[in-house]
Protein chains: 2
Amino acid sequence: MSDGFQRDLLRGSLDLMVLSVLADEPQYGYSIQKQIRDVSQGRVDLKAGTLYPLLHRLEADKLIRSKWDDSTGRRRKWYELTKAGQKRLHAQAQEWHSYVECIGQLLTLVLPTLPKPA
Amino acid sequence: MSDGFQRDLLRGSLDLMVLSVLADEPQYGYSIQKQIRDVSQGRVDLKAGTLYPLLHRLEADKLIRSKWDDSTGRRRKWYELTKAGQKRLHAQAQEWHSYVECIGQLLTLVLPTLPKPA
DNA sequence: CTTACATACATAGCTCGTCTATACATAGAA
DNA sequence: TTCTATGTATAGACGAGCTATGTATGTAAG
């Protein structure tokens, strides 16, 4: 993730990120990478070595499915959510919110003076 | 973490949790574990094999310091934040809020219909 | 009394997601 | 033609958190 967030923060939420950018419409690896980088203002910059294995894992788990497009000079592998992927996305989003709330409580409990999120 | 959150969510935020429960007052391992379990309503239940190595790592990094208390039958190792630990805590809290906001944006951008956090 | 459980700390070894490094190939710009 | 951006891919290293196990004491139940 280059600069930006410390590496381990991503762990466990990268799936959520990728699934969520696929929620709208099918995309290919490189465009997923770019969109996440843009939305995060460059602070989450997935390397190829992170993204592609992740996509392969999601596909192996039947959460996304892929289709090659060789019609142009650039070979692109398009991914889209499966039904299971949509379910997983919603479940993970719920869990994420719940987790955030949980940490937030811990922080406000013991550190009421801590600077609040913007 | 037993049931509750999927394992990788904790990654990168466990340090933050432990540092934050130490912000108030010195505590020993077992009490840290209990407090985190209580605040999270049982959903973050650190195993000994997770907590103690983590504490040793934090101490090796000079973010906390320890002192044995053998005055009672129960040997307890009390930990407290160092100055560096306080700095790290605030930095990590900031980063956490920033990261949460970032993910939140991604979720609302592509999934405006997603259930909001409570 | 002795059995059981909560307390209290510790380490060895495993898992597996993310990272770095490397590889190959095309399109477009300098 | 040389450099950059695009586009996908894998091998190997790293390391945080997990499981399993070990030791030992205080306290309550039977």
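All chains are named by letter (A, B, ...) in the order of the sequence lines, taking the proteins before the strands, and each is independently numbered beginning at 1. Just so we're clear, the structure is a prediction, and the values are computed from it rather than from any experiment. All values below come from the heavy atoms of this structure, side chains included, with hydrogens, waters and symmetry mates left out.
Relative ring orientation between A:W96 and B:W96 is described as tilted, the plane-to-plane angle lying within the 30° to 60° band.
Straight-line distance from the CG atom of B:L10 to the P atom of C:dT18: 14 Å, rounded to whole Å. A straight line from CD1 of A:I32 to P of D:dG7 spans 12 Å, rounded to a whole angstrom. Spacing between atom CH2 of B:W78 and atom C1' of C:dC9 amounts to 14 Å, rounded to whole angstrom units. Residue A:Y28 contributes atom OH, which lies 16 Å from atom C1' of C:dA25 at whole-angstrom precision. Residue A:R37 contributes atom CZ, which lies 11 Å from atom P of D:dG7 at whole-angstrom precision. Taking atom CG on A:D45 and atom P on D:dT6, their separation rounds to 12 Å, with Å as the unit. In this structure, A:L9 atom CG and C:dT18 atom P are separated by 12 Å, rounded to whole Å. Between the C1' atom of C:dT7 and the CD atom of B:Q35 lies a distance of 17 Å, rounded to the nearest Å.
As judged by a 4.0 angstrom heavy-atom cut-off over every strand, B:R74 is placed among the base-contacting residues. B:L54 comes within 4.0 angstrom of sugar-phosphate atoms only, judged by non-hydrogen atoms across all strands, and of no base. Looking at heavy-atom distances under 4.0 Å, B:G49 makes contact with a base. Within the 4.0 angstrom heavy-atom criterion, only backbone atoms of the sugar-phosphate kind lie near A:W68; the bases stay farther away. Backbone-only contact: A:L14 has heavy atoms under 4.0 Å from sugar-phosphate atoms and none from a base.
The side chain of A:A48 sits closest to D:dA9 out of D:dA9, C:dA10, C:dG17. In this structure, of D:dT8, C:dC9, D:dG7, it is D:dT8 that holds the atom nearest to the side chain of A:K77.
Contact check, A:Y30 against D:dT8: no side-chain N or O comes under 4.0 Å of OP1 or OP2. Within the structure, every side-chain polar atom (N or O) of B:R57 is placed at least 4.0 Å from both OP1 and OP2 of D:dG15. Within the structure, every side-chain polar atom (N or O) of B:Y52 is placed at least 4.0 Å from both OP1 and OP2 of C:dA10. Look at B:H56 and you won't find any side-chain N or O under 4.0 angstrom from OP1 or OP2 of C:dC9.
A salt bridge is defined here as a Lys NZ or Arg NE, NH1 or NH2 lying under 4.0 Å from an Asp or Glu carboxylate O, and B:K47 with B:D45 meets this definition.
Although no hydrogens or angles enter the test, the distance criterion places a donor-acceptor pair under 3.5 Å between the side chain of B:Q27 and the main chain of B:V21. The main-chain N or O of B:G104 is found under 3.5 Å from a side-chain atom of B:T108 such that the two form a donor-acceptor pair. Remark: side-chain polar atoms of A:T82 are paired, donor with acceptor, to backbone N or O of A:K62 under 3.5 angstrom.
In this structure, a donor-acceptor pair under 3.5 Å is absent between the side chains of A:S31 and A:R76.
Both A:R11 and A:K34 lie close to DNA chain D; mapped to their nearest nucleotides by heavy-atom distance, the more 5′-ward contact belongs to A:K34. Across the interface with DNA chain C, nearest-nucleotide mapping of A:D15 and A:G73 shows A:D15 to be the residue nearer the 5′ end.
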